[in-house]
Amino acid sequence: MNLSFFFEVLIGGLLSGVMYALVALGFVLIYKASGVFNFAQGAMVFFAALTCVGLSEKFDLSMWVAIPLTMAVMIVLGLAIEKIVLRPLVNQPEITLFMATIGLTFFIEGLAQLLWGSQPHKLTLPIEDVPIEFLMEKFNILVSQFDVIAALICAVLVIGLALLFSKTKIGRALRAVADDHQAALAVGIPLQQIWGIVWAVAGFVALVAGLLWGARNGVQFALTFVALKALPVLILGGFTSVPGAIVGGLIIGASEKLAEVYIGPLVGGGIEGWFPYVLALLFLLVRPEGLFGEKIIRRI
C-alpha cells in the first residue's frame with residue numbers, strides 16, 4: 001500500500017468531513033432548540049449561494065459587498081421562517097413540523113430560481129484551488145489549498161458556535177429550551193426569541209456552507225443535496241450534539257473517500273455516493289441515538 005496516497009485520500013476525506021459537519025450543525029441547532037428536523041437546510045444552502053452570486057452578477061458588486069448583503073438576507077430569511085411557519089405550529093405533532101419544512105424546501109428552491117434564474121453559476125472566492133507545495137515536495141501528498149482553508153473556516157465557525165451555545169447565557173437558555181419548552185417558559189426564558197436566534201444562526205451557517213460548496217462545485221441545484229450528505233453525519237453523531245456533528249462529519253468524510261478508493265474498484269466503483277448511508281444504517285442497528293446523542297429509554 002502506498003502510504004503517501006493513503007494519507008492523501010484520508011486528509012481529503014477529513015477536510016470534506018469538516019464541511020459536512022458545518023451543514024449538519026445547521027440541523028443540530030434547530031433540532032436542539034425546537035425539536036424540528038429542518039429538511040429545508042439544503043434549500044437554504046442553495047438559496048444563500050445563488051443569492052450571493054445573483055447579487056454580484058446582477059448589480060455588479062464585488063464579493064466583499066455581496067457576502068454581507070447575503071448574510072443579512074439569510075438572517076432575515078431565518079427569522080421569517082421562525083415567525084411565519086414555526087411559531088403558528090407550536091405544540092403540533094413532530095410530523096406536522098417535519099412536513100412543514102418539506103414544504104419550505106420546495107418554496108425556497110423555487111424562490112431562489114425565480115429571483116436569480118436556474119442556470120448554473122461559477123462562484124469565485126479569493127482562495128486558490130492549488131496543491132500545497134510543502135506537502136507535495138516533502139511528503140508527495142497532494143492536498144488542495146482551497147480544501148484546507150475551507151476546512152479551517154468551517155472548523156473556526158463550528159468551534160465558535162459550540163462555545164457560544166455551551167458557555168454563554170444564550171447557550172444555557174438554548175439547553176433549557178431543548179430540555180423542556182414549558183419549563184423554560186415558566187422560568188422566564190423568551191422561547192420565541194431563542195428560536196429566532198437559532199434560525200438566524202442556521203441561515204448564517206447555510207450561507208457559509210453555500211459559499212464554500214458553491215466555490216468548489218459551482219452554484220447549481222445540486223447544492224440542495226449537500227444537506228442529504230449531512231444525514232449520515234447526524235445519525236452517527238446524534239441529532240442533538242454539536243460535538244457529534246463534528247465527529248460524525250469527520251467519520252463520514254474519511255470513510256466515503258477511503259471506501260471509494262479501496263473498496264470501489266472491487267464492486268465496480270461509484271460507491272462514494274451511497275456508502276455513508278450504508279454505514280449510517282449499520283450504525284443505527286447498534287446505537288440508534290448516535291455517538292453523542294441522548295439515549296432514550298422506552299418502557300414496554
Side-chain angles (χ1 to χ4, degrees), residues 13-45 48 74 78 98 101 147 150-168 170-172 174-175 177-179 194-195 197-213 223-257 275-277 279-284 286-296:
L14 291 173
L15 295 177
S16 294
V18 177
M19 295 175 68
Y20 291 151
L22 179 63
V23 179
L25 188 62
F27 286 96
V28 170
L29 295 178
I30 293 175
Y31 191 80
K32 279 177 68 70
S34 58
V36 178
F37 181 78
N38 180 27
F39 198 78
Q41 190 69 24
M44 292 172 68
V45 170
M74 293 308 298
F98 177 65
T101 64
D147 288 347
L152 287 174
I153 292 171
C154 292
V156 169
L157 182 58
V158 168
I159 293 170
L161 289 173
L163 292 174
L164 174 67
F165 289 106
S166 63
K167 302 294 184 181
T168 66
I170 292 176
R172 289 191 293 271
L174 171 64
R175 293 196 300 275
V177 169
D179 289 338
I194 294 298
W195 282 346
I197 291 172
V198 170
W199 276 89
V201 171
F204 171 65
V205 168
L207 168 62
V208 177
L211 291 176
L212 295 176
W213 282 106
L223 276 180
T224 59
F225 301 122
V226 171
L228 295 180
K229 192 58 74 71
L231 296 181
V233 174
L234 293 169
I235 291 172
L236 263 69
F239 282 81
T240 60
S241 173
V242 172
I246 301 170
V247 174
L250 294 175
I251 293 173
I252 291 298
S255 64
E256 71 172 10
K257 299 296 184 186
F275 182 82
Y277 300 95
L279 183 63
L281 178 60
L282 295 174
F283 197 84
L284 275 174
V286 179
R287 190 176 173 85
E289 68 275 10
L291 288 171
F292 297 88
E294 299 173 1
K295 193 164 187 176
I296 299 174

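- Under the side chain to side chain contact (heavy atoms under 4.5 Å, CB included) criterion, A40 pairs with N38, L104, T105, I108, not counting sequence neighbours.
- Of the inter-residue distances, the one linking L163 atom CG with I159 atom CD1 reads 7.5 Å to the nearest 0.5 angstrom.
- The list of salt bridge (Lys or Arg N to Asp or Glu O under 4.0 Å) pairs with a residue in residues 204-213, not counting sequence neighbours, is empty.
- Ring geometry for Y31 against F239 counts as tilted: the plane angle lies between 30° and 60°, on a 0 to 90° scale.
- Here OH of Y277 is found 6.0 Å from CG of L231. Values are rounded to the nearest 0.5 Å.
- Applying the side chain to side chain donor-acceptor pair (under 3.5 Å) test to residues at least two apart or on different chains, none of the pairs has a partner in residues 203-212.
- W199 approaches G78 most closely through the heavy-atom pair CB-O, 3.2 Å.
- Judged as a side chain to side chain donor-acceptor pair (under 3.5 Å), and not counting sequence neighbours, the contacts of K257 are E272.
- Partners of W213 according to the ring-ring contact (aromatic ring centres under 6.0 Å, His included) rule, which considers only residues two or more places apart in sequence or in another chain, are Y20.
- Legend: residues meeting side chain to side chain contact (heavy atoms under 4.5 Å, CB included) with F283, ordered by chain and number and at least two apart, are L236, R287, L291.
- Considering V233, L161, I30 as possible partners of L25, the one that fulfils the side-chain contact (heavy atoms from CB on, under 4.5 Å) test is L161.
- Each salt bridge (Lys or Arg N to Asp or Glu O under 4.0 Å) pair with one or both residues in residues 223-240, not counting sequence neighbours, appears once here: K229-E256.
- Counting heavy atoms from C-beta outward, L207 and L211 have side chains that approach closer than 4.5 Å.
- Minimum heavy-atom separation, L22 to C154: CD2-SG, 3.6 Å.
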Side-chain atoms of residues 246-254: list all donor-acceptor pairs with protein atoms under 3.5 Å, sequence neighbours left out, distances to 0.1 Å.
none

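- Smallest separation of non-hydrogen atoms from V23 and A209: CG2-CB, 3.9 Å.
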Worksheet item: Do V205 and V201 pass the side chain to side chain contact (heavy atoms under 4.5 Å, CB included) test, and can you show the C-alpha distance, the side-chain angles, and the key distance before you say yes or no?
Response: CA-CA 6 Å; V205 168; V201 171; 4.3 Å; yes
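- Closest approach of S241 and F292 over heavy atoms only: OG-CB, 3.1 Å.
- Under a 3.5 Å cut-off, the side chain of S255 and the backbone N or O of P276 do not form any donor-acceptor pair.
- A distance of 10.0 Å separates CD in E289 from CG in L284, rounded to the nearest 0.5 Å.
- Closest of all the heavy-atom pairs between A24 and A245 is CB-CB, 4.2 Å.
- Applying the side chain to side chain contact (heavy atoms under 4.5 Å, CB included) criterion to A206, with sequence neighbours excluded, gives Q41, M44, V45, M74.
- Considering only residues two or more places apart in sequence or on other chains, F204 meets the side chain to side chain contact (heavy atoms under 4.5 Å, CB included) condition with M71, L157, V208.
- Between A43 and T224 the shortest heavy-atom distance is CA-CG2, 4.3 Å.
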